[in-house]
Each structure stands twice: as structure tokens, then as C-alpha cells.
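What follows is a short report on a single structure.
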Amino acid sequence: MTTLMTKSLKVVAGLAVVFSLTAGAHAMASEGYKEPEDHHFTFEGPFGTFDQAQLQRGYKVYREVCSACHSMHLMSFRNLGQKGGPFYDPKYKNPNDNPVVKQIASEFDIPDIDPDTGDDITRKGTTSDRFPSPFKNEEAAKASNSGAIPPDLSVITKAREGGANYVASLLAGFQPAPDGLTVAATQHYNPYVHGALATSWHGDPHKVPLGGVLAMPPPLVADKVSYDDGTKATLRQESEDVAAFLEWAGDPHATERKQMGVAVIAFLLLMAGVTYAAYRQVWRGKH
């Protein structure tokens, strides 16, 4: 009898643990985020390539909207004219000679130091310069963004789960905060943000909204930019274009690497066939 009661207590304890873990899993799920939408980018997959027209549109969105707050410290103007880049021209093997890239660089004022006096000066940008930061220092960035420092976008698609799909979904996904969710005046709700809103939610504890909040207000709206190629600048189009540009910026040699990978695989398959044929020839008729 005692043994039976002991076994029963162990079973009850085990069920309690399972129930506890399940409840915890549900609580964690309620504090999740919405999965990024699949935007079917042209560069996806082993044979994918970047659409140069889309990269040009994406650069324009970054230049006219994103660069007001976000830096790209790892990007130089000459990268825009390299093979596979948004302004690549096969006539100019050296991107520093590309007139479009030269023109783009000259539109920026670059902080520098006068070599004769040591004074701070500004000069016109050159193709060898990196993209300038929108703020003089981190404190200035915080002061202009409600205490938050806008992240550098050089490799943002590599630093976020979901990559370009996440960036595009997030930029087009801002929504009014659901009723029952307390959001500070300087915060903005987005279901694609990785966050936990349980402590700010005053509704059903089992229906905590997905997502989180950002200090960044919605940066894009329809017709925020005017595309040179006549493409209609919808919110979705702008989001996809700048996400594609940021994906290229984070891995500008991706297309070349894919092409090299396909060539290597083809070579290995050919060599495997030759090796097998040689093996059959050498050992033919031998036991």
C-alpha cells in the first residue's frame, strides 16, 4: 500500500512538472514575435543574384531617409561602383573612376583636419571616403533619438535573425499599439520586433500581443522617395528595396561566391566521374 502511494505521488509530481513547463512554454510563446514575411528576394537561393535596379532604389531610400539617423561605417563610396554593386559599370574596372560614384561622393561633406593648422574642417567627399556618420558622437546620437543610439546598418541583415526579410517586414510592419498595451510616448509598437510585452499588457494574460517596441518611429510611408526609374514607391516597395541594399552591403561578394561554389561543385562532380572511370579501367577483369 505504501509503495502504491509513493508511486502515485511520483506520478502526480511528474504531471505537475510537465504542466509547469507547458505553462512556461505558453508564457514564452505569448512574449514572442511575428515571423518575418517571405519577400521572395532575387538574391535568395544558391543561384540568386542581386537586382541592380533594386539596389539603386534601395540606396536612394537609405540616402534620403535612413542616413539621417543610421551610419554605415564599413561602407566606402567606391563600394557602390564595384562589381555587383548598385552603380557598377563594366566600362570602369576601377570603381574610383566611375563618374556616378564620384558624383555621389561629392554630394557629402566629410569632416577632416587641416594639415597646416590642425583645425577641424569639412571637404567634399571622394570615392575613397567611408559613408559619414549623421552624428558627431554617441552622445549627440542619443540626444536626437530619445536616448537610444541608432544601430549601424553596415551588416544589419547579418546581425538580425531573418536577414533582409526581417528588415523589410519590420520597416513595413509598424502598427498602432493594441488596446490594453501601455507604450511610452517615445516608443513605437511593431509585431516583428523581438520583445516581451507582458509587463506592459493589461488585458488577458494569455493573449499578450506579439512583438515589442522601438524608439524609432515608422521611417517609411508611401511616396517617401521618388524613384528615378518610375517604380511606384509604395511602403512595401521602399521596405524591400532598402532591405535588398542592406543585404548587398553586408555581403557584397555573395553573388561571386555563389558562382564560384557552383563551378567548384561542377568540377568535383566531373573529377568524381573521371576517377570512377579510371577505377573501372584499372581493375577491369581483375578479382
Side-chain angles (χ1 to χ4, degrees), residues 52 54-89 91-159 167 171 186 214-221 223-229 233 238-239 241-253:
Q52 188 177 41
Q54 184 174 51
L55 294 183
Q56 292 178 4
R57 295 194 301 268
Y59 170 75
K60 187 163 191 178
V61 176
Y62 169 76
R63 172 70 181 91
E64 297 186 6
V65 183
C66 307
S67 65
C69 297
H70 295 274
S71 59
M72 291 188 73
H73 290 139
L74 301 182
M75 285 291 295
S76 297
F77 291 111
R78 62 169 171 250
N79 296 136
L80 298 174
Q82 71 185 46
K83 188 175 182 180
F87 301 102
Y88 171 69
D89 188 334
K91 292 189 299 183
Y92 304 99
K93 300 300 182 183
N94 186 342
N96 292 298
D97 299 329
N98 189 314
V100 176
V101 177
K102 288 182 178 180
Q103 176 61 37
I104 290 173
S106 68
E107 295 171 357
F108 288 80
D109 292 326
I110 306 298
D112 206 341
I113 297 176
D114 189 319
D116 297 323
T117 65
D119 295 332
D120 292 333
I121 61 172
T122 58
R123 57 172 176 77
K124 293 297 181 182
T126 65
T127 56
S128 61
D129 288 316
R130 295 188 184 275
F131 285 14
S133 174
F135 303 105
K136 189 173 183 179
N137 51 53
E138 290 188 354
E139 295 307 317
K142 289 180 181 179
S144 298
N145 293 277
S146 304
I149 300 177
D152 184 89
L153 299 183
S154 301
V155 291
I156 194 69
T157 60
K158 304 302 180 185
V167 172
L171 291 175
T186 58
L214 289 170
M216 177 179 70
L220 300 176
V221 295
D223 299 318
K224 186 76 171 182
V225 299
S226 296
Y227 287 134
D228 299 328
D229 62 2
E238 294 169 355
S239 302
D241 290 344
V242 74
F245 172 72
L246 295 175
E247 176 70 20
W248 167 81
D251 193 0
H253 300 290

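Every value quoted in this text rests on a predicted model; they were computed, and no experiment measured them.
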| field | Heavy-atom closest contact (Val101 atom, Pro95 atom, distance) | value | CB-O, 4.1 Å

| Within a reach of under 6.0 Å around CD of Glu138, are more than 12 heavy atoms found that belong to other residues, nucleotides or ligands? | no

| task | Search all heavy atoms of Leu171 against all heavy atoms of Pro219 and return the closest pair with its distance. | result | CD2-CG, 3.7 Å

| task | Please check if the side chain of Gln52 supplies one atom and the backbone of Gly84 the other of a donor-acceptor pair under 3.5 Å. | result | no

| task | Test Asp241 against every option in Lys60, Arg57, Gln56 by the side-chain hydrogen bond (donor to acceptor under 3.5 Å, both in side chains) rule and name the one that passes. | result | Arg57

| task | Could you walk me through whether Asp129 and Arg123 pass the salt bridge (Lys or Arg N to Asp or Glu O under 4.0 Å) test, one step at a time? | result | CA-CA 11 Å; Asp129 288 316; Arg123 57 172 176 77; 2.8 Å; yes

| task | Return yes if some donor-acceptor pair links the side-chain N/O of Glu238 with the main-chain N/O of Leu220 below 3.5 Å, else return no. | result | no

| task | Give a yes or no answer on whether the side chain of Asn145 reaches the backbone of Pro150 with a donor-acceptor pair at less than 3.5 Å. | result | no

| For Lys158, does the NZ atom sit with more than 12 other heavy atoms under 6.0 Å from it, leaving out its own atoms? | yes

| message | Which heavy atom of Cys66 sits nearest to which heavy atom of Val242, and what is that distance? | response | SG-CG2, 4.0 Å

With a 3.5 Å cut-off and sequence neighbours excluded, list the donor-acceptor pairs that the side chains of residues 67-74 form with protein atoms.
from, atom 1, to, atom 2, distance (Å)
Ser67, OG, Tyr62, O, 3.3
Ser67, OG, Arg63, O, 2.6
His70, ND1, Pro151, O, 2.8
Ser71, OG, Asp152, OD1, 2.7
His73, ND1, Asp152, OD1, 3.3

| said: Does the plane of the ring in Phe108 sit parallel, tilted or perpendicular to the ring in Phe131? Use 30° and 60° as the thresholds. | reply: parallel

| remark: Correct closest heavy-atom pair for Ser106 and Gln103 would be OG-O, 2.7 Å

| task | Please report the shortest heavy-atom distance between Lys102 and Asn96, naming the atom on each side. | result | CE-O, 3.1 Å

| Nearest heavy atoms of Phe135 and Ala140, plus distance in Å | CD2-O, 4.0 Å

